[in-house]
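Since the structure comes first, as structure tokens, the remarks are kept for the end.
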Amino acid sequence: MNILEGLNKEQLKAVETVDGPLLIVAGPGTGKTRVITHRIAYLVNQFGVKPHRIAAMTFTNKAAREMRERLQALMGPISNNLTIGTFHSVCANILRRDGHHIGLDRGFLIYDSDDQLKLIKGCMEEHEIDPRKFAPRAIQSHISAAKSSLIDAEGYAIHAQSYLEEVISRIYKRYQELIRRNKALDFDDLLLSTYQMFNTNEALLKKYQTRYIHILVDEFQDTNIPQYRIAQQLADQYKNICVVGDPDQSIYSWRNADIRNILNFKKDYPEAQIITLEENYRSTETILSAAQSVISKNQERVDKELWTTNTKGSLIKITEEHDEEEEAQSVIREVERLVDTDGYNRSEIAIMYRVNAQSRALEEACLRYGVPYQIIGGVKFYQRREVKDIIAYLRLLMNPHEDVSLTRIINIPNRGIGQRTLDELIQYGRTNEISIFSVIQGIIKQDNNMPSLPARSIRAITDFLNLIRLLSKESQELDIVETIDKILEHTGYQHFAQKDERGEERWENILEFRGLAQEFKNMGPEEGLITFLESVSLSTDLDTMEDEAGSLTLITLHQAKGLEFSAVFIVGIEDGLLPHLRSMNDPGQLEEERRLFYVGITRAKSRLYLYRAFHRRIMGGNGQNDASRFLDDIPRNLIAGLPVISTRQRLITPKNDSLKTIKQPIRLVSDSKSKIRIGDKISHPKFGVGIIVNRVATDQDIELTVAFDKNKGIKRLLASYAPIEKLES
DNA sequence: GCCGTGTTATTTTTT
DNA sequence: ATAACACGGC
């Protein structure tokens with residue numbers, strides 16, 4: 001198979017330009033991934049570059065996985081030798097291998113922002129800083145911003161000016177001490193430490209520089225400074241650095257992504273070639289030109305004219321609804337119409353929104369109409385309490401001196417170690433700069449000067465110590481799944497998890513977590529534990545998203561980047577939400593919001609729907625939102641639907657509920673369904689078999705409450721919509 | 001040490 | 001409006 005086949009002129013040029021620095025500016029839908037993968041395959045096949053001498057960095061694990069799969073198809077199993085991953089995972093690997101040069105333990109843990117926050121709170125407590133005066137989250141983001149600017153704690157201290165910076169500086173310093181003592185790195189550390197290690201160890205850097213002949217960076221517009229620097233470091237020997245990005249899709253500045261990297265790239269490599277991909281293969285002409293109109297309103301932007309030979313396609317439909325519930329219902333009805341009459345598959349359709357909270361109304365509507373759906377993000381799987389508990393146990397087996405995890409589970413399930421006792425342990429640990437685990441060991445060995453505790457507490461901490469010791473010992477010879485089982489067994493976690501009312505759900509989550517560990521089962525005990533914990537820390541919901549056949553996708557605009565769907569619904573296009581309230585005052589941030597909208601629009605292949613609601617419950621209150629200013633930027637001739645849309649002012653509705661009455665015509669409940677009674681057994685294509693536990697007939701429909709399988713739970717469905725069938729009992 | 005109630009912040013986006 | 005969190009009583 002010819003790798004160069006079927007590429008357009010620019011794509012071809014991008015693939016064939018293999019020498020020296022290269023910037024590929026790739027608009028949405030222009031075949032970016034295709035170019036990257038073909039370029040890699042071309043390097044290997046045409047020039048005989050060994051796969052292990054090529055590194056490609058992506059933004060998400062999902063993107064990495066996709067790239068790997070495509071390369072596998074293109075060049076077979078040797079693709080396994082390529083270095084492909086997110087910056088974070090690539091750096092984690094480098095640090096596992098060579099971090100000992102800067103005193104890192106091979107089994108270091110990776111802290112997520114939750115762990116980070118706990119540690120920061122602990123530091124603040126130590127320094128007697130009132131969390132009401134200084135929000136821990138704010139401090140956290142300042143520290144993160146500092147690290148993203150390559151400023152370490154010492155550097156920060158030197159330049160701290162204001163009182164706030166003074167405070168941050170103290171916390172930063174202590175935070176860094178503690179995170180090191182816990183043998184952990186946070187996300188930013190993964191990058192910063194790698195950069196610093198290379199900076200201070202020339203021989204080591206040389207080793208990597210010599211190895212990697214080609215460096216590729218995807219989603220370059222969303223890289224931060226350390227990431228760019230690392231890419232530069234790695235590429236410094238051969239200068240074959242290829243970065244691919246689209247400034248118009250830069251939406252992560254809040255995570256310290258620095259769009260100036262693109263400008264700097266041109267400055268740092270004046271000899272760099274620049275190739276722009278402008279032919280869009282994804283969207284209809286209508287959608288593309290709407291996108292183009294929206295983005296062209298940004299001031300800070302290099303012009304780029306996308307074009308397509310695709311057909312005009314349908315007009316963009318803009319719909320106004322009264323409140324978020326009606327918005328959700330209206331969306332779901334249209335989704336179902338697309339499925340029923342236009343032959344769309346639900347998995348080809350996505351609903352996108354600005355903030356996760358918006359998913360709720362949509363989810364409820366899906367449940368009511370019995371529409372199978374999957375929510376990406378939301379309460380993240382690894383963030384669930386029960387899952388984090390088990391992770392904490394695993395981390396302790398890795399390193400019992402890790403205080404954050406220890407404090408988390410020392411009394412979970414309850415074993416009689418209360419706050420009082422724990423405080424005592426923490427306090428002593430702090431003043432003597434030793435871990436809580438060491439304090440416990442000391443007390444039990446009856447070392448001098450250890451805090452004295454009531455006999456009852458001593459018994460409790462002794463039991464805990466023995467538990468951890470037993471588990472550590474056992475886990476040395478067990479694979480990761482068996483280790484999890486031992487944890488569950490010795491802690492009695494199953495009973496603990498199941499006892500409260502959401503118990504079954506929690507237990508299901510644990511079993512799912514255990515299932516995820518299976519993948520690491522055939523590794524050695526330590527290897528498996530390290531790798532599994534790393535994978536848990538670095539992967540997100542999006543990565544584990546498996547296209548559940550036939551499910552509608554609910555997703556934030558941010559997460560949707562890089563994806564495409566036949567039909568896209570963007571909801572909540574209102575001032576305050578789609579330019580988000582927090583971004584409306586700052587022109588720079590406003591432009592980022594517009595880019596976010598642009599990203600959403602350009603996900604759509606053939607149909608685009610834009611929704612807004614007049615009323616939206618915001619933090620309890622009842623908010624009325626104006627239509628988004630961005631709607632004005634879509635030319636009217638591309639829009640079907642409301643004729644008044646161009647004047648936003650007119651869209652502010654009177655307070656009455658007149659719109660509420662405009663409802664979908666009543667659907668008749670079919671005969672077979674109306675016969676369903678309480679106690680009947682029914683089956684549902686997605687939820688399986690369930691039993692009717694309640695039945696309420698309203699004037700228009702029959703609402704059924706159905707108890708499904710334990711992991712699906714209880715759902716309320718409308719008889720007219722839900723694709724259910726009565727089973728003979 | 002545990003459980004309940006009241007208070008408070010919290011909601012932007014995530015590797 | 002919701003959920004985490006703190007405080008106080010048992």
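Only this structure's heavy atoms are used, side chains among them; waters, hydrogens and symmetry mates stay out. Numbers restart at 1 for each chain; the letters A, B, ... are given by sequence-line order, proteins then strands.
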- prompt: Less than 4.0 Å between a side-chain N and a carboxylate O, is that true for E125(A) and R430(A)?
  reply: yes

Of T58(A) and S583(A), the one whose closest nucleotide on DNA chain B sits nearer the 5' end is S583(A)

Separation of dT15(B) atom P from Q221(A) atom CD, nearest Å, is 15 Å

Check this for me, if you would: do D389(A) and R384(A) make a salt bridge, where the nitrogen-to-carboxylate-oxygen distance has to be below 4.0 angstrom?
no

(message) Tell me whether the side-chain N/O atoms of R137(A) come closer than 4.0 Å to OP1 or OP2 in dT11(B).
(response) yes

Note to self: For dT15(B) and N61(A) - does any side-chain N or O of the residue sit under 4.0 Å from the phosphate oxygens OP1/OP2?
What the structure shows: no

Whichever of A135(A) and S113(A) has the more 5' nearest nucleotide on DNA chain B, that residue is A135(A)

To the nearest angstrom, the NE2-C1' distance between H558(A) and dT11(B) comes to 14 Å

- Item | Side-chain N or O of T556(A) closer than 4.0 Å to phosphate OP1/OP2 of dT14(B) | yes

Item to check | Polar side-chain atom of Q140(A) near backbone of S113(A) as donor-acceptor pair, under 3.5 Å | outcome: yes

note: K561(A), atom NZ; dT14(B), atom P; distance rounded to Å ~ 11 Å

May I ask you to check whether Y212(A) and T83(A) show a side-chain donor-acceptor distance below 3.5 Å? yes

Whole-Å distance, R582(A) CZ to dT11(B) P, equals 8 Å

Between the protein and nucleotides 1-3 of chain B, which nitrogen or oxygen pairs are less than 3.5 angstrom apart?
from: dG1(B); atom 1: OP2; to: G416(A); atom 2: O; distance (Å): 3.4
from: dG1(B); atom 1: OP2; to: G418(A); atom 2: N; distance (Å): 2.8
from: dG1(B); atom 1: OP2; to: T421(A); atom 2: OG1; distance (Å): 2.9

Among dT13(B), dT2(C), dT15(B), the one nearest any side-chain atom of F187(A) is dT15(B)

message = Tell me whether the side-chain N/O atoms of N256(A) come closer than 4.0 Å to OP1 or OP2 in dT15(B).
response = no

| said: Ring centres within less than 5.5 Å and planes less than 30° apart: is that true of F87(A) and dT15(B) in this structure? | reply: no

To the nearest angstrom, the NE2-P distance between H580(A) and dT10(B) comes to 14 Å

Rounded to whole Å, the CG-P distance (L578(A) to dT13(B)) equals 13 Å

Review point. Would a line drawn from the ring center of Y252(A) to the ring center of H558(A) be shorter than 6.0 Å?
Key: yes

| said: Salt bridge check, D403(A) against R408(A): does any charged N sit closer than 4.0 Å to a carboxylate O? | reply: no

When we call it a touch if two heavy atoms are under 4.0 Å apart, what does R595(A) touch: a base, just sugar-phosphate, or nothing?
-> nothing

| said: With a 4.0 Å cut-off on N to O distance, would you call E574(A) and R616(A) a salt bridge? | reply: yes

- Salt bridge check: are K561(A) and E219(A) linked by an N-O gap of less than 4.0 Å? yes

Whole-Å distance, I110(A) CD1 to dT15(B) P, equals 13 Å

Per atom distances to the T60(A) side chain, the nearest of dT2(C), dT15(B), dC5(C) is dT15(B)

Here the distance between atom P of dT2(C) and atom CD of Q358(A), to the nearest Å, is 17 Å

Would you say Q559(A) reaches dT14(B)'s phosphate, i.e. side-chain N/O to OP1/OP2 under 4.0 Å? yes

